[in-house]
Amino acid sequence: MSHHHSNGKYAWQKTPRVDPPKRAARERTSDFREIYSLLDEETIRQQASRCVQCAYPFCRTGCPLGNRIPEWLACAAAGDFLEAAALSRSTSNMPEICSRVCPQERLCEGACALNARSEPVPIGAIEKFINEYALRRGVVEVTNLPPNGLRVAIVGSGPAGIACADELAARGYEVMVFEALSRLGGLLVNGIPAFKLEKSVVERRLELLRQRGVVFRTGVTVGQELSLSNLLTEFNAVFLGIGAQKPKPLDISGAQLKGVHDALPFLIEKNVGISPGGSPIAVKDKRVAVLGGGDTAMDCLRTAIRCGASEAVCLYRRDLANMPGSRREYQSALEEGAVFQFLTNPVSLGSDAVGRVTHVGCVRMELGEPDAKGRRKPFPVPGSDFLVETDIVLVAYGFDPVPFPPGNDLAAIQRTDWGGLIVDANQMTSRPGVFSGGDMVRGPSLVVDAVRDGRRAALGIHQYLSQRQATPHQRDEPKKCVPV
Ligand code: SF4
Ligand code: SF4
């Protein structure tokens with residue numbers, strides 16, 4: 001089709017990998033806008049043509065959604081971006097979001113066959129390009145199957161809930177999403193900083209769901225003003241996508257000092273301008289120490305820098321190779337001025353006379369043999385104690401699912417010992433008709449995994465309700481459609 005791309009299977013030998021342009025660190029730390037821009041059309045075509053169209057595409061296996069990567073890359077190489085985007089949407093409910101926040105080096109791109117001989121196809125950048133191309137032209141279809149008279153409630157408007165809602169609405173279900181906060185999007189707007197995913201991108205996606213007929217109700221906490229049993233009398237099935245927001249405790253002396261904060265309230269405050277922890281956390285011209293080495297820690301460092309912190313130091317007990325955070329995010333944090341102290345375990349916090357934190361007592365660590373998961377367990381070096389002076393401590397040690405008070409019917413659902421909901425292969429919990437997915441089941445995990453669970457749950461709900469041949473709920477208002 002194109003004279004440019006006639007070098008067929010060997011394009012990768014002549015064309016090196018190109019990554020999307022990244023704004024200069026100095027410029028991007030002065031605002032919260034996204035740091036990457038789109039590649040141009042010609043570069044996208046050239047990069048897509050580097051794909052050798054493997055018979056057994058490992059990229060696809062590496063993608064939690066099993067995206068049809070070689071197929072849409074072939075379309076993109078031919079310049080048929082709309083067809084590429086349509087293929088991309090066929091397996092993902094928010095490809096423009098996953099392509100922005102997936103750690104591709106561990107997923108699709110990490111699995112790309114070209115890694116052995118060259119550099120992988122920039123799959124994420126191409127996925128973002130083709131979907132932005134379609135979305136900006138307004139050609140993303142939101143047609144649903146005819147209404148089937150069945151109603152499903154979705155609890156939580158994060159990625160799992162949105163994916164489930166989108167799938168069900170498309171299949172003809174009447175879908176209502178309940179969100180406890182006043183703002184929709186869950187983790188996508190609260191947890192993920194705008195420099196990785198702008199709020200307008202999430203809002204555009206939510207608008208597509210509204211066009212599908214999904215109804216959103218904000219400020220409603222299921223388990224409080226509305227019980228699960230209430231929902232089950234009104235709806236044929238319920239999907240719980242509440243996430244995991246209970247911070248893992250900081251188990252060292254001084255954890256209660258002034259100036260010590262959990263990561264999530266800090267991120268929410270700086271990102272969406274509300275202060276869930278009460279008074280705002282001032283970091284301007286302050287030294288900020290972030291405890292932890294995951295993506296939340298990276299987000300805290302980069303957010304603190306954007307808020308004018310004089311210093312943003314990451315204290316992490318393992319080394320770089322064993323750090324769970326994405327390499328790309330680590331690189332960006334470094335460029336923006338974050339400092340990393342690896343093999344550093346915070347063991348105490350010290351304070352001044354008025355109880356404000358002044359330093360983190362640390363001990364140097366060494367790595368031992370790999371454990372069952374292949375990660376090397378750190379152990380302290382005797383006599384290696386040292387202090388890191390600081391004004392603010394942000395704790396990013398991860399999250400667990402929030403427990404429900406006994407007596408609440410949500411608390412009766414079976415959970416693992418760490419609090420994750422137990423689900424079957426169809427994502428159904430121990431309570432019939434109640435499904436779940438995302439962080440509420442897995443503990444903190446990737447957006448793309450939540451999307452996968454939401455899709456799987458939608459299919460599970462569909463099968464469950466079809467098998468039961470459920471009749472639509474009798475309601476007082478006239479029915480919109482006559483059930484078959
Ligand atoms: Fe890669 Fe994530 Fe897109 Fe899958 S969803 S193709 S893993 S960027
Ligand atoms: Fe193309 Fe890489 Fe996937 Fe192979 S593994 S089909 S080269 S993107």
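Just so you know, ligand 1 is whichever comes first in the structure, and atom 1 is the first atom listed for that ligand.
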Using the six-membered ring of Phe235, assess whether NZ or CZ of Arg151 lies under 6.0 Å from its centre and within 45 degrees of the ring axis. yes
Hey, is Glu198 close enough to Arg204 for a salt bridge, meaning N to O under 4.0 Å? no
Within ligand 1, which atoms have a heavy atom of Gln104 less than 4.0 Å away? 8 (S)
Any N, O or S atom of Cys51 closer than 2.8 Å to atom 1 (Fe) of ligand 2: yes
Which atom pair, heavy atoms only, marks the closest approach of Leu150 to Asn148? N-OD1, 2.9 Å
At a 4.0 Å threshold, what atoms of ligand 1 neighbour a non-hydrogen atom of Leu107? 7 (S)
Looking at Arg212, Arg89, Gln211, which hits side chain to side chain donor-acceptor pair (under 3.5 Å) with Glu141? Arg89
Got a sec: is Cys102 within less than 2.8 Å of atom 4 (Fe) of ligand 1 via an N/O/S atom? no
What is the nearest protein non-hydrogen atom to atom 6 (S) of ligand 1, stated with its residue, atom name and distance? Asn67 ND2, 3.5 Å
Please report which non-hydrogen protein atom sits nearest to atom 3 (Fe) of ligand 1, along with the residue it belongs to and the distance in Å to one decimal place. Glu127 OE1, 2.3 Å
Taking the six-membered ring where the residue is Trp, are the ring centres of Phe81 and Phe129 under 6.0 Å apart? yes
Are Arg306 and Glu336 close enough for a salt bridge, meaning some N to O gap below 4.0 Å? yes
List the closest protein heavy-atom neighbour of atom 2 (Fe) of ligand 2: residue, atom name, distance to the nearest 0.1 Å. Cys112 SG, 2.4 Å
Subset of ligand 2 atoms that lie under 4.0 Å from at least one heavy atom of Leu73: 8 (S)
Looking only at protein heavy atoms, what sits closest to atom 5 (S) of ligand 2 is Ala113 N, 3.2 Å
Protein contact to atom 1 (Fe) of ligand 1 [nearest heavy atom, distance to 0.1 Å]: Cys108 SG, 2.3 Å
One residue to check: Glu109. Relative to ligand 1, which of side chain, backbone, both or neither has a non-hydrogen atom less than 4.0 Å away? neither
Do Arg137 and Tyr133 form a cation-pi contact, if we require the NZ or CZ to be under 6.0 Å from the six-membered ring centre and within 45 degrees of the ring's axis? yes
With heavy atoms of Cys54 as the reference, note each atom of ligand 2 found under 4.0 Å away. 4 (Fe), 5 (S), 6 (S), 7 (S)
Hey, is Lys196 close enough to Asp295 for a salt bridge, meaning N to O under 4.0 Å? no
Please determine, by modelled atom types, if Ser88 and Asn131 share a side-chain donor-acceptor pair under 3.5 angstrom. yes
Looking only at protein heavy atoms, what sits closest to atom 4 (Fe) of ligand 1 is Cys63 SG, 2.3 Å
Under-4.0 Å salt bridge between Glu109 and Arg17: yes
Of all protein heavy atoms, the one nearest atom 7 (S) of ligand 2 is Val52 N, 3.5 Å
Note: ligand 1 atoms sitting under 4.0 Å from heavy atoms of Cys98 are 5 (S)
Numbered atoms and elements of ligand 1 in range of Val448, under 4.0 angstrom, heavy atoms: 5 (S)
To check you understand the geometry: which heavy-atom pair defines the closest contact between Ser90 and Arg68, and what is its length? OG-NH1, 3.3 Å
Can you list the atoms of ligand 1 that are under 4.0 Å from a heavy atom of Ile69? 6 (S)
